[in-house]
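A note on names: the letters A, B, ... follow the listed sequences, proteins ahead of strands, and every chain is numbered from 1. Quick caveat, the model's predicted, so the values are computed rather than measured.
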There are 2 protein chains.
Amino acid sequence: MRAAILCIGTELSTNLVKDSNAEFLRNKLLDKGILTEYTMFVPDDKEAIIQALRFLIQKEELRLVVVSGGLGPTEDDITREAVAETLKRELVFLPQAWEEIRKIYFSIRKKEPPENNKKQALIPQGALMLQNRVGTAPGFLIQEGDKKIFVIPGVPQEVEFFWHYIDEQISNPQPSFFKTETLKLCAIGESELASQLQDFLVDLPSGISPAFIPRSGEIWFYLYAFRNPLPEENQKVQQILESIKQRFKDRLFSTYADTLEEAVGQLLREHRLTIATAESCTGGLLANRITNVPGSSTYFKRGYVVYSNQSKADDLNVPLAVIHRHGAVSEEVASLLAQNVAQRAGSDIGVGITGIAGPGGGSELKPVGLVYIGISWGKHLEVHRYQFHGARTTIKFRTTQEALSQLFLLLSKRCLDNGE
Amino acid sequence: MRAAILCIGTELSTNLVKDSNAEFLRNKLLDKGILTEYTMFVPDDKEAIIQALRFLIQKEELRLVVVSGGLGPTEDDITREAVAETLKRELVFLPQAWEEIRKIYFSIRKKEPPENNKKQALIPQGALMLQNRVGTAPGFLIQEGDKKIFVIPGVPQEVEFFWHYIDEQISNPQPSFFKTETLKLCAIGESELASQLQDFLVDLPSGISPAFIPRSGEIWFYLYAFRNPLPEENQKVQQILESIKQRFKDRLFSTYADTLEEAVGQLLREHRLTIATAESCTGGLLANRITNVPGSSTYFKRGYVVYSNQSKADDLNVPLAVIHRHGAVSEEVASLLAQNVAQRAGSDIGVGITGIAGPGGGSELKPVGLVYIGISWGKHLEVHRYQFHGARTTIKFRTTQEALSQLFLLLSKRCLDNGE
């Protein structure tokens, strides 16, 4: 069983309001194994609503269409009329609906509703009225051939309230979507991962596909199908996932947490390690991401945003002579920042970052996007060199992604080496 | 002129990833007076893509269709094939595109791309290749009758990069939506602004409406209509906007720049002032936001993330005795952080932030969300106390919003006082 969602409202099409209704409904449907094949947004424009709804009701594979929004009492709310016109049904006045509207209006505003609320009691002929307990506009359900068309208000709390009507009508759906857990990896590229996974994926049961989602320095991976797998297929899928997890365990951070900063934090906490940061081009973003994790004060000691050369010298003892000889953006400065910040903060691990975030400040030898990341841990010191592309904030973010990736890799490898 | 957006990706239809592409494109189109009539989301399902695209290209009123997503190198990326099939065009291999892919791949990963990247060089016959400078997948533009169909990748930074190709092709569109400039204000609440604006808005021409958009500590305001206003209406609208700008000029940061950090940066630069930050609960977010602005190194000297008490003492001379007497989250500590960071950095202005971002660490007397922000400027010292609500990252962000708002207010008032 597949579904479609049609959200109506000029405020959505003009970004005045962010959608949460389609997101809510898709999640609820997915929980029942139902894939939302089409999600559509149109403004309060009668012709657009009619065209979109006509498109959806012509799709044979859809058994469920949820239309949300445009049922208010004001002139711009025209969903009722557009639905009736699309389905060639008359709008009829339902005295029972009007009674309910008066009751709920009175309970909220302590007075009788104005005349224009009366149009909310109009419902297409043959539709089943769905009573609204959190707002004035009733919804309705139309059975059109083998399709159920729900028309409900667009206020998010009201959408949540109306879900139970939809839920009741789809008690035993044929699942149209299956998805495994999402594996999130770092410190590996999409195509490299894909080519390394080929061997694992040859045995994939037919109709079950891999999904690769690159997310600026992370790759998300899962297996999915547009149907429910058979028990033996499911077993095979789980086996494949397990071998992939085993193979990439040092880069698989989602076994620890949802985000890289959480996964790094989890490893630091588990092994009672502390960290401090010295950032130049990322300007505090790394410290900010690390401290986004609740409880990070147990392992994050302090951070320095050493933007000027003077601050690198004053706070972290990077000799100005070294900066003049090698440049502020250099392997030497990244190393010193990493080592000295750990020493000054008294932390186990120190991270030093220096680079050119752009758009200015680049040269032929040291172009915008050139970044050095140093990681110091006791006697261990590593420095990575990157050449990123894109806008200033992209380069800053990618830099922190790589810093966190390398931290994760280092920590997870050490833990694996220790036989943990 | 009206447009449509088709976003492709199972990750979107299954809520794994939140859309930002449709939102970005709709905004850009709106800025040019183009209403997005249809926004559609479909999974990586060939038949669904074909059906959705066929629907859109049959709509006469649409002159522009932007298709985004599904151009990656892996098996689940089938947009290329689906578009070619819908438009009944062959896919042809473009050696020039392959060269570009190899170059960008090599510049990022320092090696040759694997074979599966080759399919990214396939483009429908007659299409114009659009070179990608921030990722491997090229986009393409197909002219189909009087419609322009752009097919671009789905990675948000790449969508932002590809916008300029679209922009170039729609130089003089017939407007289907009218919107004034957006006025962005800080340090004022939505309902306070709305009630203060009532007097200005009584003369608004009919059909032209005000929009108030509260954006965590900022209020955005504009006037809009679904038609182009007549010249005399437009004149009236501009008059109203001007009086509003005049009335709220000390809180109106969008006359300087798009974001609060840019506006503050603009004022600092104009008046040759420098700044330094000392952050506890915001963990570097303020420094990060200030340094997101290109050229900020001219006015941002350095930042400290003084997460531990010891670092507050070591780096910024906050006596541990003061911390023990008043608590790390106190007016006294915020003041000392602000004053001492300016002194240590040798900057004109110092900002000191201390608070409880949660979810742990709160008490009855000092609950989660309690924040002190100190601003020191020569002999001037101000400390603001806030009680925020919400998740850890929300509290961190709101704190930096207020710090930037108070900086803006202070700087703009001083400038206005100086008769500038």
B:Phe226 versus chain A, heavy atoms under 4.5 Å apart: side chain, backbone, both or neither?
side chain
Which bit of B:Glu115 is near chain A, if near means a heavy-atom gap under 4.5 Å: side chain, backbone, both or neither?
neither
Can A:Lys179 and B:Thr10 be counted as having a side-chain donor-acceptor contact under 3.5 angstrom?
no
When the 4.5 angstrom heavy-atom criterion is applied to A:Tyr222 and chain B, the contacting part is side chain
For atom CD of B:Gln343, decide whether the heavy atoms of other residues, nucleotides or ligands shown that lie under 6.0 angstrom number more than 12.
no
Below 4.5 Å from any heavy atom of chain A, which atoms of B:Thr136 appear? Answer side chain, backbone, both or neither.
neither
Have B:Thr14 and A:Tyr224 got a donor and an acceptor in their side chains that come within less than 3.5 Å?
no
What part of A:Val293 is in contact with chain B, defined as an atom under 4.5 angstrom from a non-hydrogen atom: side chain, backbone, both or neither?
backbone
B:Gln157 versus chain A, the contacting section by heavy-atom distance below 4.5 Å:
side chain
One option among B:Asn116, B:Asp44, B:Leu6, B:Asn27 has the most heavy-atom pairs under 4.5 Å with chain A, and it is B:Asn27
Can you list every pair that meets salt bridge (Lys or Arg N to Asp or Glu O under 4.0 Å) and has a residue in residues 296-311 of chain B, with sequence neighbours left out?
A:Asp314-B:Arg302, A:Asp315-B:Arg302
Segment of B:Arg26 engaging chain A (4.5 angstrom heavy-atom cut-off)
both
Need one label for B:Leu30: side chain, backbone, both or neither, based on atoms under 4.5 Å from any heavy atom in chain A.
side chain
Parallel, tilted or perpendicular, judged at 30° and 60°: which one describes the rings of B:Tyr307 and A:Phe300?
perpendicular
With distance as the sole test, does B:Lys59 use its side chain to make a donor-acceptor pair with the main-chain N or O of A:Ala48 at under 3.5 Å?
no
For each of B:Gly72, B:Pro43, B:Gly346, tally heavy-atom pairs with chain A at distances under 4.5 Å, and name the one with the top tally.
B:Pro43
Show the nearest heavy-atom pair for residues B:Ser296 and A:Arg392, with the distance to one decimal.
OG-NH2, 3.3 Å
Pairing residues for B:Phe397 by the ring-ring contact (aromatic ring centres under 6.0 Å, His included) criterion, not counting sequence neighbours:
none
